[in-house]
Protein chains: 2
Amino acid sequence: MSKLKAQPTEDKILEAAKEVFMKYGLYGARMQDIADTAGINKALLHYYFRSKEKLFDKIFEGALVKYFQQMDVLSDSSLPIKQRVFKYIDNIIDFYAEYPQMSMFIIKEISINPEIFKEKVSVAKNKKGTSLINILEDGVAKGEIKKIDTSMFLINLQSLCSYPFLASPLFKHVLKVNHKDWNDFNSNKLKQSVKTFVENTLSK
Amino acid sequence: MSKLKAQPTEDKILEAAKEVFMKYGLYGARMQDIADTAGINKALLHYYFRSKEKLFDKIFEGALVKYFQQMDVLSDSSLPIKQRVFKYIDNIIDFYAEYPQMSMFIIKEISINPEIFKEKVSVAKNKKGTSLINILEDGVAKGEIKKIDTSMFLINLQSLCSYPFLASPLFKHVLKVNHKDWNDFNSNKLKQSVKTFVENTLSK
DNA sequence: ATACAGTTTAACCATTTGGTTAAACACAAA
DNA sequence: TTTGTGTTTAACCAAATGGTTAAACTGTAT
């Protein structure tokens with residue numbers, strides 16, 4: 001039986017900061033809003049993390065790490081290429097289902113301040129150094145998959161997996177207004193359709 | 001020969017406001033930043049548009065209108081379904097190439113304040129009332145295209161067309177770091193790959 | 001020239017915001 | 001009980017921010 005401990009202040013802050021920063025970005029977020037969300041005094045934010053920027057850095061770094069972690073599954077060289085891509089799709093869609101705002105948060109902040117990406121990426125990037133592009137070009141060279149534009153394939157794949165989650169506030173309205181209930185949307189259906197795309201694109 | 005007139009203040013403001021609001025959102029944007037970008041005195045912002053909110057509304061409404069305008073091409077009932085979708089793809093990708101941040105801007109603001117969507121959508125939505133979903137279900141019913149999940153198809157299509165532009169700050173780095181030059185990216189290649197997807201998905 | 005309306009500006013104001021501080025609190029060791 | 005250390009709080013501060021104002025400027029009609 002696990003001891004039921006109250007959540008440490010530091011964790012409450014990180015959780016709240018993640019929520020608020022993801023929603024409003026670095027400039028738009030308000031320290032008081034973070035404090036309120038965490039249910040603590042504002043001064044505690046500065047007690048645990050010196051400044052707004054420092055706190056933001058913690059959140060952003062964590063987001064980048066989690067983001068790049070999703071690619072680790074690609075390194076499993078025991079599987080054929082297509083299977084690895086399928087696994088990657090399952091992985092990344094589950095990830096986005098849990099953190100739907102992550103992708104937009106990272107993109108927004110990078111577009112506002114491109115420098116921080118270079119700073120943080122060395123910390124965050126997956127250590128194994130196996131990128132989807134590498135894997136695919138390997139597969140093409142070995143004749144395991146169709147000859148494709150690997151960059152465009154990566155863009156298409158990322159698009160299909162990311163956008164449905166980050167645009168869900170929009171789809172929710174557009175689809176509800178028009179027809180079906182957006183709540184019907186489930187990750188498995190998305191996984192299936194993305195895999196069909198991959199199948200069509202990679203198979204010889 | 002057209003008279004070369006200096007750009008009216010009001011237009012300079014709208015242009016600058018669009019740029020700043022798109023980048024930082026309603027809360028993150030600073031009036032002084034907008035004034036500086038427009039190269040005018042801050043008080044002029046309030047002279048032409050009463051408040052920050054009012055100015056933001058103008059920008060957001062304009063964005064929504066342009067966004068929904070892209071769908072008008074779908075109404076051209078003289079063409080077969082697939083051709084209309086192809087035209088729509090050309091349309092919307094050209095649109096995103098010109099306004100890469102539009103999609104994210106709308107999504108972000110809607111997710112922060114879902115109410116404004118309902119308020120504005122009636123003004124902005126395309127008058128002809130022809131949605132992609134309608135067209136597709138029509139096509140399925142007539143047997144003109146394969147029997148598909150129309151909602152999922154719409155999501156996939158939007159994903160393929162939108163995400164490459166809104167994630168370009170990320171791709172720029174990831175792809176450059178890894179391999180090819182992101183500057184090689186051009187809309188025509190994207191259009192082609194999206195059309196291939198549509199072909200594979202819709203053709204019987 | 002003069003009067004007038006629309007436009008632009010610098011100086012200003014009230015509120016909000018990130019950040020600080022000193023005192024209060026909690027709690028374990030002596 | 002006392003001492004000491006880490007945590008939390010209310011009150012506060014300086015700077016930034018959205019917004020106002022009254023005066024100055026610009027051009028045009030009289």
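From a predicted model like this one, the values you see are computed outputs, not experimental measurements. Letters go in sequence order (proteins before strands), and every chain restarts at 1.
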| How long is the line joining CZ of Phe49(A) and P of dT20(C), in whole Å? | 15 Å
| How long is the line joining CZ of Arg50(B) and C1' of dG18(D), in whole Å? | 14 Å
| task | For Glu15(B), check side chain to side chain donor-acceptor pair (under 3.5 Å) against everything at least two apart and list the hits. | result | Gln7(B)
| d(CD1, Ile34(B); P, dG18(D)) in whole Å | 8 Å
| message | Under the side-chain hydrogen bond (donor to acceptor under 3.5 Å, both in side chains) definition, can you give me all pairs with a residue in residues 101-110 of chain A, not counting sequence neighbours? | response | Ser103(A)-Tyr163(B)
| Partner residues of Asp36(A) under the salt bridge (charged side-chain N to carboxylate O under 4.0 Å, His left out) criterion, sequence neighbours left out | none
| note | For Tyr96(A), the side chain to side chain donor-acceptor pair (under 3.5 Å) test, sequence neighbours excluded, returns Ser162(A)
| query | Atom CD of Glu53(A) and atom C1' of dG18(C): how far apart are they, to the nearest Å? | reply | 9 Å
| Between P of dT17(D) and CG of Asp36(B), the distance in whole Å | 11 Å
| Gln32(B) CD to dG19(D) C1': how many Å, rounded? | 12 Å
Measure all distances between protein nitrogen or oxygen atoms and nitrogen or oxygen atoms of nucleotides 6-9 of chain C, and list the pairs falling under 3.5 Å.
from, atom 1, to, atom 2, distance (Å)
dT7(C), OP2, Tyr47(B), OH, 3.1
dT8(C), OP1, Thr9(B), OG1, 2.9
dT8(C), OP2, Thr9(B), OG1, 3.0
dT8(C), OP2, Tyr48(B), OH, 2.8
dT9(C), OP2, Asn41(B), N, 3.3

| message | Please enumerate all residues that pass ring-ring contact (aromatic ring centres under 6.0 Å, His included) together with Tyr24(A), with sequence neighbours excluded. | response | Tyr27(B)
| Partner residues of Lys54(A) under the side chain to side chain donor-acceptor pair (under 3.5 Å) criterion, sequence neighbours left out | none
| query | Do any side-chain nitrogens or oxygens of His46(B) fall under 4.0 Å of OP1 or OP2 in dG19(D)? | reply | yes
| said: Test your reading of the model: is there a side-chain donor-acceptor pair from Ser159(B) to the backbone of Ile155(B), 3.5 Å cut-off? | reply: yes
| said: Going by salt bridge (charged side-chain N to carboxylate O under 4.0 Å, His left out), name the residues that satisfy it together with Asp138(B), two or more places apart in sequence or in a different chain. | reply: Lys142(B)
| Does any donor atom in the side chain of Glu19(A) or Thr37(A) lie under 3.5 Å from an acceptor atom in the other side chain? | no
| Close approaches to DNA chain C from residues 19-30 of chain B, in residue order (heavy atom, under 4.0 Å) | none
| task | Round to a whole Å and report the spacing from CE of Met31(B) to C1' of dT20(D). | result | 12 Å
